Amino acid sequence: MADHLTEEEQIEAIKQWWKQNGTGIIVGTALAVAGYFGYQTWQNTTQANAESASAVFQQLLDVTANTQALTEEQATSSLYLVDQLKQDHASSSYAKDAALLAAKIAVDQDNLSAAAEQLQWVLDNQPTEAVKNITQLRLARVQLALGEADKALASADAVTAPAFAATKEEVRGDIFYKQGRIDDARTAYTAAMAAQAAGQNAALLEMKLNDLQSVNSQAAAE
């Protein structure tokens with residue numbers, strides 16, 4: 001039918017069509033362009049943040065090359081870098097790794113309360129499931145060393161991944177032993193031996209089970 005329209009009628013039809021649909025096309029195009037450039041900006045910002053976090057973390061590794069022999073200046077610098085990562089890049093894996101490293105340094109320096117704070121920060125900032133389980137077990141050990149056996153048991157019990165079953169049961173055994181719950185400790189150590197990979201940590205667990213037998217023998221003698 002367009003073949004039968006005069007040139008003026010075709011122009012008028014185009015004007016009417018544009019009047020009805022032009023705004024939607026402009027808006028749709030604008031949104032598409034904005035979305036593209038918004039994504040590009042987000043991608044560039046994300047990459048820049050990751051590079052910045054990586055650079056700070058590398059500085060931290062350089063400062064803490066030997067965590068057990070840090071000078072006072074190195075210790076201060078390391079804590080500054082850890083805090084920088086936690087404040088500016090809390091959602092990144094670098095911040096979690098930095099906090100875990102800070103916890104290790106604190107343990108090396110016999111500052112268990114500081115270690116517990118660093119580990120708790122990791123748990124409070126959405127770690128991956130694997131990091132969460134590792135952190136829970138480390139926190140349980142620190143809490144046990146602080147004399148907080150009930151908290152330690154709660155931290156260990158929060159670990160649910162089968163891959164960490166052996167370590168979890170060993171930690172639970174250590175907690176029960178500390179509490180004087182010898183039968184529970186034996187059950188946990190036995191479960192740890194059953195869950196571990198062949199030969200992994202077997203000698204240490206066997207030694208712990210033998211220690212329990214010695215405790216029972218001494219109790220019977222008394």
Side-chain angles (χ1 to χ4, degrees), residues 43-148 151-152 155-156 158-159 161 163-175 178 192 196-205 207-208:
Q43 193 173 42
N44 291 338
T45 300
T46 300
Q47 182 176 352
N49 285 336
E51 291 175 353
S52 174
S54 176
V56 175
F57 188 71
Q58 185 58 54
Q59 291 179 52
L60 177 62
L61 293 180
D62 292 341
V63 170
T64 60
N66 185 352
T67 59
Q68 294 181 331
L70 294 179
T71 65
E72 183 176 347
E73 182 180 357
Q74 288 173 325
T76 300
S77 296
S78 67
L79 287 177
Y80 172 79
L81 293 169
V82 170
D83 287 342
Q84 185 178 345
L85 284 166
K86 288 164 65 176
Q87 291 174 13
D88 298 341
H89 307 282
S91 62
S92 72
S93 61
Y94 293 108
K96 277 80 168 179
D97 290 343
L100 290 173
L101 179 56
K104 181 184 184 305
I105 293 171
V107 169
D108 289 341
Q109 296 178 336
D110 295 325
N111 191 346
L112 297 179
S113 295
E117 289 178 6
Q118 295 288 355
L119 294 169
Q120 189 60 55
W121 184 90
V122 175
L123 295 174
D124 292 340
N125 283 272
Q126 301 180 324
T128 63
E129 193 63 22
V131 172
K132 179 181 177 181
N133 284 304
I134 291 170
T135 305
Q136 289 282 180
L137 291 169
R138 292 183 183 180
L139 180 59
R141 291 193 182 281
V142 169
Q143 289 168 331
L144 181 60
L146 284 167
E148 301 171 346
K151 288 184 178 180
S155 295
V159 175
F164 297 92
T167 305
K168 170 186 175 178
E169 291 302 330
E170 182 183 357
V171 172
R172 292 177 79 245
D174 292 344
I175 296 168
K178 189 85 171 195
Q196 71 181 348
Q200 179 187 12
N201 210 30
L204 179 59
L205 287 170
M207 182 180 71
K208 290 182 177 182

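These figures come from a predicted structure and were not determined experimentally. Basis for what follows: all heavy atoms, side chains included, without hydrogens, waters or symmetry-related copies. Residue numbers start at 1 and run along the sequence shown.
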Rounded distance (nearest 0.5 Å) linking atom [atom1] of [X] with atom [atom2] of [Y]:
X	Y	atom1	atom2	answer
Thr76	Leu70	OG1	CG	10.0 Å
Ser77	Glu72	OG	CD	10.5 Å
Asp110	Ser113	CG	OG	11.5 Å
Ser155	Leu144	OG	CG	10.5 Å
Ile134	Leu100	CD1	CG	8.0 Å

Can you name the nearest heavy-atom pair linking [X] to [Y], along with the distance?
X	Y	result
Ala166	Ala192	O-CB, 3.4 Å
Leu85	Ala53	CD2-O, 3.6 Å
Val159	Lys168	O-NZ, 2.9 Å
Arg172	Ala156	CG-CB, 4.0 Å
Ser78	Leu60	O-CD1, 3.6 Å
Ala69	Gln74	O-OE1, 3.9 Å

Tell me which donor-acceptor pairs under 3.5 Å the side chains of residues 123-130 have, and how far apart each pair is, sequence neighbours excluded?
residue : atom : partner : partner atom : Å
Asp124  : OD1  : Gln120  : NE2          : 3.1
Asn125  : ND2  : Trp121  : O            : 2.7
Thr128  : OG1  : Val131  : N            : 3.3

- prompt: Which pairs count as side chain to side chain donor-acceptor pair (under 3.5 Å) when at least one residue sits in residues 132-142, sequence neighbours excluded?
  reply: Arg141-Asp174
- prompt: Would a distance-only check, ignoring hydrogens and angles, find a side-chain to backbone donor-acceptor pair under 3.5 Å from Lys96 to Ala90?
  reply: yes
- request: Would you check if the side chain of Ser54 reaches a backbone N or O of Glu51 as a donor-acceptor pair within less than 3.5 Å?
  value: no
message: Between Leu101 and Val82, is there a side-chain heavy-atom distance shorter than 4.5 Å?
response: no
message: If you define the side chain from C-beta out and look only at heavy atoms, does anything of Leu61 sit under 4.5 Å from Gln58?
response: yes
Contacts of Glu117 that satisfy side-chain hydrogen bond (donor to acceptor under 3.5 Å, both in side chains) - sequence neighbours left out: none
field: Over 12 foreign heavy atoms within 6.0 Å of NZ, Lys151
entry: no
